[in-house]
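What you see below is based on every heavy atom in this structure, not just the backbone, and it leaves out hydrogens, waters and symmetry mates. Throughout, protein chains are lettered first and strands after them, A, B, ... in sequence-line order, and every chain is numbered starting at 1.
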There are 2 protein chains.
Amino acid sequence: MSQGEGAGAAGVDLETSLGYLLKEASSSLRAAMEAALRPLGMTVTQYSCLELLSQRPGLSNSELARGAFITRQSMNVLLQALERDGLVTRPAAAPVGKALPTRLTARGRRTLDRASGAVRAVELRMLGEMTEAERAAAFALLQGMVVRLRGGEATVSAPSAD
Amino acid sequence: MSQGEGAGAAGVDLETSLGYLLKEASSSLRAAMEAALRPLGMTVTQYSCLELLSQRPGLSNSELARGAFITRQSMNVLLQALERDGLVTRPAAAPVGKALPTRLTARGRRTLDRASGAVRAVELRMLGEMTEAERAAAFALLQGMVVRLRGGEATVSAPSAD
DNA sequence: CAATCTATGTCAGAATACTGACATGAGTCA
DNA sequence: TGACTCATGTCAGTATTCTGACATAGATTG
């Protein structure tokens with residue numbers, strides 16, 4: 001049966017699997033981002049958090065966690081560190097409910113600006129010579145995969161970001 | 001200017017970023033695989049290791065680590081557990097060099113067979129109604145990204161054709 | 001032959017993310 | 001109003017992965 005080399009029938013052929021290649025691409029991207037952010041003393045997750053806050057000010061801890069694809073507990077630890085370092089601010093009390101709207105400080109924005117350039121360079125390198133049509137095709141194909149994997153769930157619900 | 005909502009010029013627009021979408025897709029795939037493997041009491045990394053060993057018997061610890069996109073130290077921890085549970089075997093002494101060729105046991109193969117079906121179902125769901133041409137296109141596009149990301153690190157040159 | 005380089009396996013500690021749990025605030029519904 | 005459900009923030013413990021370090025085996029090089 002599939003006991004020798006060729007395990008392509010019952011299993012997933014790693015040579016041609018889109019899932020495996022997707023993981024490889026994501027791993028490569030993460031490694032490249034880590035290398036680009038290391039000189040700035042920043043991790044990928046920290047950058048993701050700051051970038052999210054830049055484009056969607058006032059996101060709560062849970063919303064940031066979903067946007068960075070980690071749990072809200074992990075994001076909470078990260079936010080506490082960022083708050084301690086003066087990169088973000090959170091009100092002591094929630095204006096409504098329990099959600100604490102987080103915002104970048106001036107220092108946080110400056111830190112993000114440096115990192116954002118490095119990350120954009122990585123993304124540009126990744127895109128390379130891809131044409132606009134190819135980028136659009138890749139975007140559509142990946143989006144389709146996400147939709148089917150999640151069963152048609154939305155990504156990050158964008159609340160009224162003031 | 002770019003400090004409010006629309007930070008599309010200096011940074012990376014998360015709404016249209018292929019990198020962000022790539023991370024989202026990988027996260028979705030991992031979550032789906034975890035959900036599929038949880039009933040079997042197996043993690044994604046464990047499955048990756050067993051699948052690699054099935055298709056490439058005799059891979060060493062370091063080779064498995066590269067194939068699963070983790071460090072060889074982490075893979076070593078995983079292999080020790082798999083060996084303890086009787087799913088894989090490693091010779092006590094290296095036949096050549098220091099590399100220890102790892103192989104699946106009968107029990108490991110049975111465990112993998114169950115998991116492999118579950119994972120293949122996830123991949124099929126991810127592919128959905130994609131045509132063969134679309135799959136090939138996605139594969140080629142992702143492969144290109146990997147090549148460019150792994151390629152130059154200091155040189156952002158990337159001789160563009162346009 | 002000897003020195004050097006590279007790759008590997010492994011141990012130990014640190015960093016990161018996750019699961020479990022609890023209390024709180026808001027919305028829903030009888 | 002009161003019970004119920006859901007989402008959130010947070011604490012605590014666990015699990016996984018990473019970085020650093022060391023010794024060893026083979027290849028390379030002079």
Review point. Starting at CG of L59(A) and ending at C1' of dT8(D), how long is that distance when rounded to a whole Å?
Key: 14 Å
Practice item. Take atom CZ of R30(A) and atom P of dT16(C), then tell me their distance rounded to the nearest Å. Key: 11 Å
Exercise for review: Return no unless some side-chain N or O of S74(B) is found under 4.0 Å from OP1 or OP2 of dT16(D).
Suggested key: no
Practice item. Can you pull out how bent the helix from dC1(C)-dG30(D) to dA30(C)-dT1(D) is, comparing the axes over its first five and last five pairs, to 10°? Key: 30°
Revision key, fill the gap. Contacts of T43(B) and R38(A) projected onto DNA chain D by closest heavy atom; the upstream (5') one is T43(B)
Check your understanding: What are the two closest heavy atoms between A25(B) and V146(A), and how far apart are they?
Key -> CA-CG2, 3.5 Å
Study note, to complete from the structure: Going 5' to 3' through nucleotides 3-12 of chain C and flagging B where a protein heavy-atom sits under 4.0 Å of the base, S where only the sugar-phosphate is that close, and - otherwise, we get -----BBBB-
**Study point:** Atom-to-atom span, CE of M75(B) to P of dT17(D) - whole angstrom
**Key:** 9 Å
Review point. Quick one: do E51(A) and R120(A) make a salt bridge, cutoff under 4.0 Å?
Key: no
Point to revise | Heavy-atom side-chain proximity of L37(B) to Q46(B) below 4.5 angstrom | key: no
**Study point:** First of Q46(A) and P95(A) reached from the 5' end of DNA chain C, by closest nucleotide
**Key:** Q46(A)
**Study point:** S27(B) side-chain N/O to K23(B) backbone N/O, donor-acceptor pair under 3.5 Å
**Key:** no
Study note, to complete from the structure: Separation of dT19(D) atom P from I70(B) atom CD1, nearest Å, is 12 Å
Study note, to complete from the structure: Closest non-hydrogen atoms of R125(B) and L149(A), given as atom of the first, atom of the second and distance, are NH1-O, 2.8 Å
Check your understanding: Any donor-acceptor pair under 3.5 Å linking the side chain of N61(B) with the backbone of R72(B)?
Key -> yes
Check your understanding: Can the ring centroids of Y20(A) and F69(B) be said to lie less than 6.0 angstrom from one another?
Key -> yes
Check your understanding: Taking only side-chain nitrogens and oxygens of T45(B), does any of them come within less than 4.0 Å of OP1 or OP2 of dT17(D)?
Key -> yes
Check your understanding: Are the side chain of S26(B) and the backbone N or O of L22(B) linked by a donor-acceptor pair below 3.5 Å?
Key -> no
Exercise for review: Check the distance between dT16(C)'s C1' and M42(A)'s CE and give it to me in whole angstrom.
Suggested key: 17 Å
Study note, to complete from the structure: Between CG of L79(A) and P of dC11(D) the distance, given in whole Å, is 13 Å
Review point. Does R135(A) reach the main-chain N or O of M130(A) with its side chain, forming a donor-acceptor pair under 3.5 Å?
Key: yes
Check your understanding: How long is the line joining CG of L78(B) and P of dA15(D), in whole Å?
Key -> 15 Å
